[in-house]
> 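Would you mind keeping the following structure in view while I ask a few things?
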Amino acid sequence: MAAEAKLDATNVVVLGAWNPAILQPQWVAKQVFGIEGDLAVQWEVSFVANAPPRFTLGDVRFMPAYDRLTLVPQGLDAAQLATCENALRTILTSLPHTPISAFGINYSFEDATPSTGLQALFLDTEGLAEAANLNFEPRAMAVQRAMAIPPYVLNFTRSLDNNGVAGYKFNFHYDVTDTAAAAELLNGALAGTLATARQILAVYDALQ
């Protein structure tokens with residue numbers, strides 16, 4: 001079975017010093033989407049202490065916090081990615097003096113029924129049992145790689161959990177401290193990074 005996207009773990013995060021009092025639905029609607037008047041805002045209630053507020057406008061979920069701004073597309077088709085990307089670029093250019101330190105684009109995929117061959121690849125213990133003279137049965141494993149692919153560093157994690165579910169997490173990390181530069185780097189970035197993630201996933205899907 002091919003890996004499927006986890007939409008709740010797909011997002012773009014800009015680290016910085018944000019003012020959530022500005023990033024309210026009325027401001028976002030007017031400045032980002034050009035909407036004035038009555039708003040169709042979908043609020044989400046979190047039961048996690050001190051969790052940032054969440055609201056959805058224009059097919060994008062916004063999660064403004066003091067140390068980061070997170071935007072979540074509602075799907076992975078080209079139009080939904082472009083809406084999310086353009087919303088964030090507009091915010092960055094509308095608030096040019098906001099101190100930022102980096103941004104990241106995150107995707108997560110899961111394969112609930114990986115083949116036996118694929119599981120064996122994940123559970124390769126590199127001869128640890130024999131070398132350390134330990135008698136154990138591997139149950140879960142995670143392998144992390146950091147790959148410099150300018151203009152970003154891809155932090156890629158593949159894992160197999162106790163239930164035999166294979167996971168693939170992609171963090172495309174951009175070191176940038178200027179909002180204008182970040183907006184420029186974001187141009188086409190969501191579609192481009194998703195294509196890279198799927199290119200890597202195809203390698204593992206081929207092992208099924």
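Just so it is clear, the model here is predicted, and its values are computed rather than measured.
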> Treating Gln74 as the side-chain partner and Val72 as the backbone partner, does any N or O pair qualify as donor plus acceptor under 3.5 Å?
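Checking the backbone N and O of Val72 against the side chain of Gln74, a donor-acceptor pair under 3.5 Å is found.
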> Looking at Leu92 and Ala183, what are the two nearest heavy atoms and their distance?
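It is CD1-N, 3.9 Å.
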> Any side-chain heavy atom of Asn86 sitting closer than 4.5 Å to one from Phe33?
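Counting from C-beta outward, Asn86 and Phe33 never come under 4.5 Å.
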> What distance do Ile200 atom CD1 and Met147 atom CE have between them, rounded to the nearest 0.5 Å?
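Ile200 CD1 to Met147 CE: 4.5 Å, rounded to 0.5 Å.
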> Please name the pair of heavy atoms, one in Cys84 and one in Val12, separated by the smallest distance, quoted to 0.1 Å.
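Looking at all heavy atoms of both residues, the closest pair is SG-CG2, 4.5 Å.
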> Between Thr98 and Ile91, does the side-chain contact (heavy atoms from CB on, under 4.5 Å) criterion hold? Intermediate values first, please.
CA-CA 10 Å; Thr98 301; Ile91 291 173; over 6 Å; no
> Short question: side chain of Thr179, backbone of Pro96 - any donor-acceptor pair under 3.5 Å?
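Here the side-chain-to-backbone pair exists.
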> Which heavy atom of Ala181 sits nearest to which heavy atom of Val176, and what is that distance?
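Where Ala181 meets Val176 most closely, the heavy atoms are CB-CG2, 3.7 Å.
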> Should the pair Phe62 and Phe55 be assigned to parallel (<30°), tilted (30 to 60°) or perpendicular (>60°) ring geometry?
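Phe62 vs Phe55 ring planes: parallel.
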> Please report the interatomic distance OG1(Thr196) to CZ(Phe156), rounded to the nearest 0.5 Å.
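One finds 12.0 Å between OG1 of Thr196 and CZ of Phe156.
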> Using the rule side-chain contact (heavy atoms from CB on, under 4.5 Å), only one of Thr90, Leu23, Asn19 pairs with Leu95; which is it?
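Looking at Thr90, Leu23, Asn19, the match for Leu95 under the side-chain contact (heavy atoms from CB on, under 4.5 Å) is Leu23.
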> Give a yes or no on this: more than 12 heavy atoms of other residues, nucleotides or ligands lie within 6.0 Å of atom CG of Asn135.
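Count not over threshold, so no.
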> Main chain of Pro73, side chain of Gln80: is a donor-acceptor contact present, judged purely on distance under 3.5 Å?
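Flag not set: sc Gln80 to bb Pro73 has no pair under 3.5 Å.
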> Which heavy atom of Ala65 sits nearest a heavy atom of Trp18, and at what distance?
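Nearest pair, atom of Ala65 first, then Trp18: O-CB, 3.3 Å.
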> Is there side-chain contact between Val32 and Arg89, with at least one heavy-atom pair below 4.5 Å?
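Sidechains of Arg89 and Val32: no contact.
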> Do the side chains of Leu118 and Asp111 get nearer than 4.5 Å, heavy atoms only?
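Sidechains of Leu118 and Asp111: in contact.
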> For residues Leu57 and Pro25, report the shortest heavy-atom separation together with the two atoms involved.
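Residues Leu57 and Pro25, closest heavy atoms: CD1-O, 3.5 Å.
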> If you round to the nearest 0.5 Å, how far is CD of Gln199 from OG1 of Thr193?
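It comes to 12.5 Å.
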> For Leu160 and Pro114, which heavy atoms make the closest approach, and how far apart are they?
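Shortest heavy-atom separation between Leu160 and Pro114 comes out as CD1-CG, 4.1 Å.
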> First locate atom CD1 of Ile149, then atom CG of Leu154, and finally report the distance between them rounded to the nearest 0.5 Å.
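Between atom CD1 of Ile149 and atom CG of Leu154 there are 5.0 Å.
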> Please step through side-chain contact (heavy atoms from CB on, under 4.5 Å) for the pair Gln144 and Arg158, ending with a clear verdict.
CA-CA 7 Å; Gln144 296 180 312; Arg158 62 178 175 88; over 6 Å; no
> Give a yes or no answer on whether the side chain of Glu110 reaches the backbone of Lys6 with a donor-acceptor pair at less than 3.5 Å.
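It does not hold such a pair.
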> Is Met63 reachable from Ile100 through a run of hydrophobic residues whose side-chain heavy atoms are each under 4.5 Å from the next?
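Not linked; separate clusters.
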> Would Tyr107 and Leu190 count as a side-chain contact (heavy atoms from CB on, under 4.5 Å) if you check the C-alpha gap in whole Å, the side-chain angles of each, and the deciding distance to 0.1 Å?
CA-CA 10 Å; Tyr107 301 103; Leu190 270 69; 3.9 Å; yes
> Give the C-alpha distance, both sets of side-chain angles, the deciding distance and a yes or no for side-chain contact (heavy atoms from CB on, under 4.5 Å) between Asn11 and Leu71.
CA-CA 6 Å; Asn11 55 55; Leu71 270 64; over 6 Å; no
> Rest of the hydrophobic cluster containing Leu15 (Ile/Leu/Val/Met/Phe/Trp/Tyr, side-chain heavy atoms under 4.5 Å)?
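Grouped by the 4.5 Å side-chain rule, Val13 form the rest of the cluster around Leu15.
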> Would you indicate whether the side-chain heavy atoms of Val28 and Gln24 approach each other to under 4.5 Å?
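Not touching, per the 4.5 Å side-chain cut-off.
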> Tell me whether Leu88 shares a hydrophobic cluster with Tyr66, the cluster being built from Ile, Leu, Val, Met, Phe, Trp, Tyr side chains joined at under 4.5 Å.
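No, it is not one cluster - the side chains of Leu88 and Tyr66 are not joined through contacts under 4.5 Å.
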> Counting only pairs under 3.5 Å, give me each side-chain donor-acceptor contact of residues 162-174, with atom names and distances, residues two or more places apart or in other chains.
| residue | atom | partner | partner atom | Å |
| --- | --- | --- | --- | --- |
| Asn171 | OD1 | Asn155 | ND2 | 2.8 |
| Asn171 | ND2 | Asn106 | OD1 | 2.8 |
| His173 | NE2 | Asp175 | OD1 | 2.9 |

